Q: 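Following this message is one structure expressed as structure tokens.
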There are 2 protein chains.
Amino acid sequence: MGRWEPDAPGRLTQAALELFVERGYEQTTVLDIAERAGVTERTFFRHFADKREVLFDRRNAMQEAVVAAIAAAPETLPPLELAGLGMAAAGDFLEGRREHAGRRAGVIAANPSLQERELLKLAALSDAVATELRQRGVPAPEAGVAAEAGVGVFRRAFERWVADPSAPDLATCVRDSLATLRALAAARPRGRGAVTR
Amino acid sequence: MGRWEPDAPGRLTQAALELFVERGYEQTTVLDIAERAGVTERTFFRHFADKREVLFDRRNAMQEAVVAAIAAAPETLPPLELAGLGMAAAGDFLEGRREHAGRRAGVIAANPSLQERELLKLAALSDAVATELRQRGVPAPEAGVAAEAGVGVFRRAFERWVADPSAPDLATCVRDSLATLRALAAARPRGRGAVTR
DNA sequence: ACGGCGATGACAGTAACTGACATCGCTACA
DNA sequence: TGTAGCGATGTCAGTTACTGTCATCGCCGT
């Protein structure tokens, strides 16, 4: 074809984020995105399965970072610790892209349709973590629950991180939330740790 | 108009579930569903926001049951206990509809598009639980984390419940998973609960 | 020069949704 | 009893997300 610019996916993602911020997700057509990126609508769908997917990393770099962090952790750590450490790695991953992650999160938060996709990615992340834990010898039920708890903790930590500008590192937020979970799990009915049994 | 049958939404949901099981979600058109239910396509979209929504209860009865269960629980219970008790109520709710829930879960499991919607509903459930916990005086961060953990636990329990025919009550599965989470949260690096610290 | 390969454009087609308007049947009320 | 109004539906045209198919262009190795 006529000479074409390299990295069509990258330009499409960039164009899409700009347009979504400018006029909103629903008010932006795939054709709009394609035109700003200098390609046709058809090319958009060659790189992304659907309109939402343009906001999500095709290489799944964050998930790989999480899995790698768990795989590299010392043998002695218990499952929930591993999951937490993985999610902290996810925090570090996003910390470098704070501004971009913030804009992106804003767009997603404004669109249920995009939230669904985000949730699906997080579910996939949970499955990946569970698989990695099992690989390291954690029994299936524990692995599943630990992964689910880890991702849940991450979601709340992320929420705080984007909402509160005075919040610390995302990884720190994650560790805070995990500590909260530990405290909750240890709580006994009225009179913590006392007589109740 | 010509005399019309009552409960169009109900017949649409029924028709949709049948067709999804018979030929699959993607192979079923909204027109197909509408025709089997004896209405037009337009009427379908008057009752459901989109094609996926037809599989989800418009009254959100389960969520209400969960919130009610938490609201009715004794004052003395700690947050994670409340969340767990709420999810057990969700289990009881689905237990009566086991067969229907099973078929529905099968269809959803086969379609990422439907999984996304399910995940969104669960996220809404998590928010509702968190809100209810805050209403009962639980501080925001604890409420959020407890709700997230509760729903996570529920997901894994539900997974087991549908996959394993020999599994007990869903509510029992939920309590099992919650116990697993508690054990995980208490685990210390190598030598559980012992000298490590 | 040539042939194949990868990325793209061009174009037609399906199906999910939406908006606007007409119609029908029931209910309340004069 | 008739009629005005309301709620649920049908009709129809239109937008947009997404897919299949085929032609074209530039590059790369032989």
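Worth saying up front: this structure is predicted, and the values here are computed from it rather than measured. Throughout, protein chains are lettered first and strands after them, A, B, ... in sequence-line order, and every chain is numbered starting at 1.
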Q: From D:dA17, C:dA16, D:dT9, pick the nucleotide closest to the side chain of B:Ala8?
A: D:dT9
Q: Taking it one step at a time, do B:Thr13 and B:Arg104 satisfy side-chain hydrogen bond (donor to acceptor under 3.5 Å, both in side chains)?
A: CA-CA 11 Å; B:Thr13 297; B:Arg104 185 173 162 285; over 6 Å; no
Q: Which nucleotide sits closest to the side chain of A:Thr43: C:dG9, D:dA17, D:dT11?
A: C:dG9
Q: I need the CG-P distance between B:Leu31 and C:dT18, as an integer number of Å.
A: 17 Å
Q: At 4.0 Å (heavy atoms only), tell me whether B:Thr28 reaches a base, stays on the sugar-phosphate, or touches nothing.
A: sugar-phosphate
Q: Rounded to whole Å, please give me the gap between CD in A:Glu35 and P in C:dT8.
A: 17 Å
Q: Is the shortest side-chain N to carboxylate O distance from A:Lys51 to A:Glu26 below 4.0 Å?
A: no
Q: Any side-chain N or O of B:Thr29 under 4.0 Å from OP1/OP2 of C:dT14?
A: no
Q: Which whole-number value in Å describes the distance from A:Phe45 CZ to D:dT16 C1'?
A: 9 Å
Q: May I ask you to evaluate whether B:His47 reaches the phosphate of D:dA8, defined as a side-chain N or O under 4.0 Å from OP1 or OP2?
A: no
Q: Taking donor-acceptor contacts at under 3.5 Å, does the side chain of A:Arg46 reach the base of C:dG6?
A: no
Q: Could you tell me the separation between the CZ atom of B:Arg52 and the P atom of D:dA17, rounded to a whole number of Å?
A: 14 Å
Q: To the nearest angstrom, how far is B:Glu41 atom CD from C:dC17 atom P?
A: 10 Å
Q: If I take atom CD in residue A:Glu26 and atom C1' in nucleotide C:dC17, what distance separates them, rounded to the nearest angstrom?
A: 11 Å
Q: Would you kindly give the NZ-to-C1' distance between B:Lys51 and C:dA15, to the nearest whole Å?
A: 8 Å
Q: Going by distance alone, is a donor N or O of one side chain under 3.5 Å from an acceptor N or O of the other, for B:Thr180 and A:Glu142?
A: no
Q: Between A:Arg155 and A:Glu159 (salt bridge meaning N to carboxylate O under 4.0 Å), is one present in this structure?
A: no
Q: Give a yes or no on whether a salt bridge exists between B:Glu81 and B:Arg182, defined as a side-chain N under 4.0 angstrom from a carboxylate O.
A: yes
Q: To the nearest Å, give me how far apart CG (A:Leu12) and P (C:dA7) are.
A: 14 Å
Q: Taking the nucleotide of DNA chain D with the closest heavy atom to each, which residue, A:Arg42 or B:Arg42, is nearer the 5' end?
A: B:Arg42
